[in-house]
There are 2 protein chains.
Amino acid sequence: MKISFVIFDQFTDLDLFLPWDLLNRVRVVGKHPDWQVDILGTESSHLSISGLRVPTSGLIDEVEDADAVLFTSGKGVHPVLHDQEYQKRLKLNPNKQLIGSICSGALLLAALGLLKNQRATTYPTSRKLLAKYQVEVVNEPFVNNGNIATAAGCLACQDLSAWIIRSLLDESMVQTVLNSIKPVGLKAKTL
Amino acid sequence: MKISFVIFDQFTDLDLFLPWDLLNRVRVVGKHPDWQVDILGTESSHLSISGLRVPTSGLIDEVEDADAVLFTSGKGVHPVLHDQEYQKRLKLNPNKQLIGSICSGALLLAALGLLKNQRATTYPTSRKLLAKYQVEVVNEPFVNNGNIATAAGCLACQDLSAWIIRSLLDESMVQTVLNSIKPVGLKAKTL
């Protein structure tokens, strides 16, 4: 299985790194050696909003090879919303791939036409803009329609990651992964 | 203010990246331009347990200049537990600095003699080893003794980050930062 994240300059750190860590745990903790997680972009590295330079492992053109594609968030999503050349490179197939977004990454899904007349969620500061794409914007942490899902609020990346793992593997692996990051000594659900 | 993370090869991604994101939000969201967060190591970059190469901004010798120093976790902590040269470079001053650890990072604090006869927490798989350093190991997400704190279970990095921000700034900034990562539409405490 191959999961690909799409990042850009000025991406929100945690919206990449929380699901990145969780999804890699399928291989690291869950012992699935053929479970691969990639970070794709338009450059060999991208700079996060906190100032961390993160290497990419491939170009965005590779999204077509992934079983699941996740779009991260941040200020850097705005320039690509009107970049037709960029969007043409994203050869997605929602009939065969799981496609998800976190926070303002939903804007790119909308620009690609993937959320039209659908319910979806995004970070509060992006709600008005998302609604302009004929999207029914709701105030929920996670919204799933078939092979497409949107999550909002960094910690909701737990829901997004759980959806990917449940869809491609099973609920047992979801619990293995989510339990491994819980605060020690707490029994309550962390989300 | 300057906060420094100490990493090494085979560090646990989320134990760096969750507090890294939260603490940077003091500058990015909280508008404190003089709030600096660094990542220190022994090389110009270190490889995470998930396989991400993360650049460092300085060497571990620089910990003495920080207001707060946070030790991350992972398999890579074990080689330095017996490395006297490495430990000599960590010129820490618990009378002037806040010093914290997440998960197995507590082992390094213990090796440095900072947890002797104190209560502390660590990831379950490190409990036995931590207890060998004359530490009273408890099953709690966060333990604070004066200027030293230990957190365990990745999501407890929220407690650790809150402690740093509360100690160096105030509770209002803690809430600003923690609220900015909550899942949208949820009112419950996320930790």
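A note on names: the letters A, B, ... follow the listed sequences, proteins ahead of strands, and every chain is numbered from 1.
Looking only at heavy-atom pairs under 4.5 Å with chain A, the residue among Leu23(B), Leu22(B), Asp21(B), Val54(B) that has the most is Asp21(B). Of the listed residues Leu52(A), Asp15(A), Thr122(A), the one with more heavy-atom pairs under 4.5 angstrom with chain B than any other is Leu52(A). The candidate with the highest count of non-hydrogen atom pairs below 4.5 Å against chain B, out of Ser48(A), Ala152(A), Cys157(A), is Ala152(A).
Of the two parts of Ser45(A), neither the backbone nor the side chain holds a non-hydrogen atom closer than 4.5 Å to a non-hydrogen atom of chain B. With a threshold of 4.5 angstrom between heavy atoms, Ile39(B) approaches chain A through side-chain atoms but not through N, CA, C or O. Proximity to chain B involves both the backbone and the side chain of Ser50(A), based on heavy atoms less than 4.5 angstrom apart.
In this structure, Leu40(B) is a member of the same hydrophobic cluster as Ile7(B), with clusters built from ILVMFWY side-chain heavy atoms closer than 4.5 Å. Using a 4.5 Å cut-off between side-chain heavy atoms of Ile, Leu, Val, Met, Phe, Trp and Tyr, with links allowed through other members, Leu169(A) and Leu160(A) fall into the same hydrophobic cluster. Hydrophobic clustering (ILVMFWY, side-chain heavy atoms < 4.5 Å, transitive): Val29(A) and Tyr123(B) are in distinct clusters. Hydrophobic clustering of Ile, Leu, Val, Met, Phe, Trp and Tyr side chains at less than 4.5 Å, counting indirect connections, keeps Leu47(B) apart from Phe71(B). A single hydrophobic cluster is not seen to contain both Val184(B) and Leu70(A); linkage of ILVMFWY side chains at heavy-atom distances under 4.5 Å, directly or through other members, places them apart.
Remark: Arg27(B) CZ to Ile49(A) CD1 distance equals 9.5 Å, nearest 0.5 Å.
Annotation: side chain to side chain contact (heavy atoms under 4.5 Å, CB included) contacts of Glu85(B) (sequence neighbours excluded): Asp83(B), Lys88(B).
The hydrophobic cluster containing Val138(B), built from Ile/Leu/Val/Met/Phe/Trp/Tyr side-chain heavy atoms closer than 4.5 Å, also comprises Val143(B).
If you run side-chain contact (heavy atoms from CB on, under 4.5 Å) between Ile181(A) and each of Thr12(B), Leu18(B), Leu155(B), only Leu155(B) comes through.
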Carefully, step by step, assess Phe17(B) and Asp13(A) under the rule side-chain contact (heavy atoms from CB on, under 4.5 Å). CA-CA 8 Å; Phe17(B) 292 128; Asp13(A) 299 61; 6.0 Å; no
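Nearest heavy atom pair, residue Cys154(B) against residue Ser180(A), reads SG-O, 4.5 Å.
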